[in-house]
Amino acid sequence: MFLDLDEIRKPDVHKNAGNFLMEFQVKNVPSERIATQKILSVIGECLDNFGPGCVGVQKILNARCPLVRFSHQASGFQCDLTTNNSIALKSSELLYIYGSLDSRVRALVFSVRCWARAHSLTSSIPGAWITNFSLTVMVIFFLQRRSPPILPTLDSLKSLADAEDRCILDGNNCTFIRDLCKIKPSGNTETLELLLKEFFEYFGNFAFNKNSINIRQGREQNKPDSSPLHIQNPFETSLNISKNVSQSQLQKFVDLARDSAWILEQEDKGQPSPSSKQPWGLAALLLPPGAAYPSLSKKKKKLMSEKVKGLLASIKSSSTDISKDTYGKRAISTQA
């Protein structure tokens, strides 16, 4: 949700003032950000105390874009309320366009987000976790990388735009075609099952240490900074929408993606019988690691055992390089 405070600052020249004209003014504050934080703080209090059906109100005022988060019981929606953040509204419109281009897009996004929530990769509490927005952009990027592509790049949507689609917000070019009829459908016929498995394989082996994700051009780029995960903001291109993600959380995502790809790979080798009570498909991915496929835990234990054996062998090998010279002093080999 977006509260446009810029609109209320514009004088209404068509309004009939009558005999009286009243002008409202506010106190001066050091910066526009502080003013936004104060306004949202007051709105958060009002929602918490007087908003019908508004529960779980969180005032997240120190984020890059301050917001108030709450749940609406009647509709079941979780809402993020910001002010003067029209670019976020444009980002939501872009996601709607992408979701409408192909029926597989929303299904794949829904599956990945359910999977991430089941494994605590995402959280409603701000922190070092991957956000649902980041996951959605990763799905879009993955679908742009298919052969042939399932989704067009943002730059190609911009090239199809008409004059009425032109949109510049805060100096950022947010232009893209909004008429779905003018976008050529994809010739890709891959199934959702294959795409889900390929998604996990793709990001389970993605070079996050050196590459960033960019849906404007639909290709990997060198990371401009040292953030563990770098996903370029579609419109504010100098920003990283996943800057909050820690290295440990990224590694958890990679490990779970590889495990999920392995589970789906095993199913391709032999589908379970209808009488089998063993979970399969997406249901198997939503269970705790090792619950659906005990052999996966054994595989991990075997790999860990091999690593430990290799480490012990390395230590033993190094110890043989240590010898005593004729004077009883230790001589340590510097050979790598």
Side-chain angles (χ1 to χ4, degrees), residues 1-10 64-65 67 79-110 112-113 131-190 192 195 199 202 211-224 229-243:
M1 299 177 65
F2 167 58
L3 177 62
D4 191 353
L5 296 178
D6 288 329
E7 286 297 322
I8 64 175
R9 296 173 186 166
K10 299 175 183 178
R64 186 188 68 82
C65 179
L67 59 93
C79 306
D80 286 353
L81 174 64
T82 61
T83 66
N84 299 339
N85 189 23
S86 52
I87 289 182
L89 199 66
K90 203 65 179 177
S91 297
S92 296
E93 185 181 1
L94 176 65
L95 296 186
Y96 173 80
I97 293 292
Y98 273 129
S100 302
L101 287 177
D102 193 288
S103 60
R104 293 168 290 181
V105 178
R106 290 175 180 169
L108 189 59
V109 168
F110 178 80
V112 170
R113 285 169 60 158
T131 64
N132 282 325
F133 180 53
S134 293
L135 284 174
T136 303
V137 174
M138 292 172 77
V139 171
I140 292 172
F141 180 77
F142 164 74
L143 295 177
Q144 290 175 339
R145 300 288 297 168
R146 304 308 293 166
S147 181
I150 295 177
L151 291 178
T153 65
L154 180 53
D155 280 348
S156 64
L157 293 181
K158 176 186 172 184
S159 66
L160 296 173
D162 298 325
E164 59 184 16
D165 296 314
R166 179 173 171 76
C167 179
I168 306 295
L169 297 173
D170 299 330
N172 299 289
N173 195 330
C174 304
T175 303
F176 56 85
I177 186 71
R178 292 179 291 173
D179 187 350
L180 296 175
C181 297
K182 297 180 180 180
I183 304 174
K184 184 180 179 181
S186 170
N188 187 298
T189 59
E190 292 175 308
L192 268 172
L195 290 175
F199 173 86
Y202 181 78
N211 291 333
S212 66
I213 295 170
N214 176 4
I215 66 170
R216 290 205 70 93
Q217 299 179 3
R219 60 185 178 87
E220 303 167 9
Q221 290 186 318
N222 293 330
K223 284 203 305 184
L229 175 61
H230 192 282
I231 304 176
Q232 186 188 69
N233 188 301
F235 299 120
E236 297 176 277
T237 55
S238 62
L239 299 180
N240 174 14
I241 66 173
S242 56
K243 190 175 182 179

Check: Yes or no on side chain to side chain contact (heavy atoms under 4.5 Å, CB included) for R219 and R145, after CA distance, side-chain angles and deciding distance?
Finding: CA-CA 7 Å; R219 60 185 178 87; R145 300 288 297 168; 3.7 Å; yes
Note to self: Which residues pass the ring-ring contact (aromatic ring centres under 6.0 Å, His included) test with F199, not counting sequence neighbours?
What the structure shows: F142, F203
Check: Which pairs, with at least one residue in residues 83-107 and sequence neighbours excluded, count as a salt bridge (Lys or Arg N to Asp or Glu O under 4.0 Å)?
Finding: K90-E93, E93-R178, D102-R104
Note to self: When you compare the side chains of S134 and T131, does any donor N or O come within less than 3.5 Å of an acceptor on the partner?
What the structure shows: yes
Would you check if [X] and [Y] make a side-chain contact, meaning some heavy-atom pair closer than 4.5 Å?
X: M1; Y: D80; answer: no
X: H230; Y: I213; answer: no
X: I140; Y: M138; answer: no
X: L180; Y: I97; answer: yes
X: F141; Y: V139; answer: no
X: L3; Y: T82; answer: no
X: S212; Y: E220; answer: no

Shortest non-hydrogen contact from [X] to [Y]?
X: I177; Y: K182; result: CD1-CD, 3.9 Å
X: P148; Y: G187; result: CG-C, 4.1 Å
X: N172; Y: F235; result: OD1-O, 3.7 Å
X: R146; Y: N188; result: CB-ND2, 3.8 Å
X: L101; Y: P152; result: CD1-CD, 3.7 Å
X: T153; Y: R216; result: CB-O, 3.2 Å

Next item on the list: Any chance you could lay out the side chain to side chain contact (heavy atoms under 4.5 Å, CB included) test for Y98 and F176, step after step, and finish with the verdict?
Entry: CA-CA 11 Å; Y98 273 129; F176 56 85; over 6 Å; no
Check: Which of these passes side-chain contact (heavy atoms from CB on, under 4.5 Å) with E236: L169, I241, I87, D170?
Finding: I87
Next item on the list: Determine, stepwise, if the pair I231 / L229 fulfils side chain to side chain contact (heavy atoms under 4.5 Å, CB included).
Entry: CA-CA 7 Å; I231 304 176; L229 175 61; 4.1 Å; yes
Can you tell me how far the [atom1] atom of [X] sits from the [atom2] atom of [Y], to the nearest 0.5 Å?
X: L94; Y: T136; atom1: CG; atom2: OG1; answer: 11.0 Å
X: F2; Y: S92; atom1: CZ; atom2: OG; answer: 11.0 Å
X: T83; Y: L67; atom1: OG1; atom2: CG; answer: 9.5 Å
X: Y202; Y: L195; atom1: OH; atom2: CG; answer: 13.5 Å
X: D179; Y: D162; atom1: CG; atom2: CG; answer: 8.0 Å

Item checked: Side chain T237, main chain N233, donor-acceptor under 3.5 Å -> no
Checklist line | Any donor-acceptor N/O pair, S186 side chain to L151 backbone, under 3.5 Å | finding: no
Next item on the list: Kindly determine whether Q144 and I150 satisfy side chain to side chain contact (heavy atoms under 4.5 Å, CB included), including the steps that lead there.
Entry: CA-CA 6 Å; Q144 290 175 339; I150 295 177; over 6 Å; no
Margin query: Taking the basic N atoms (NZ, or NE/NH1/NH2) and the acidic carboxylate oxygens, is any pair closer than 4.0 Å for D165 and K158?
Written below: no
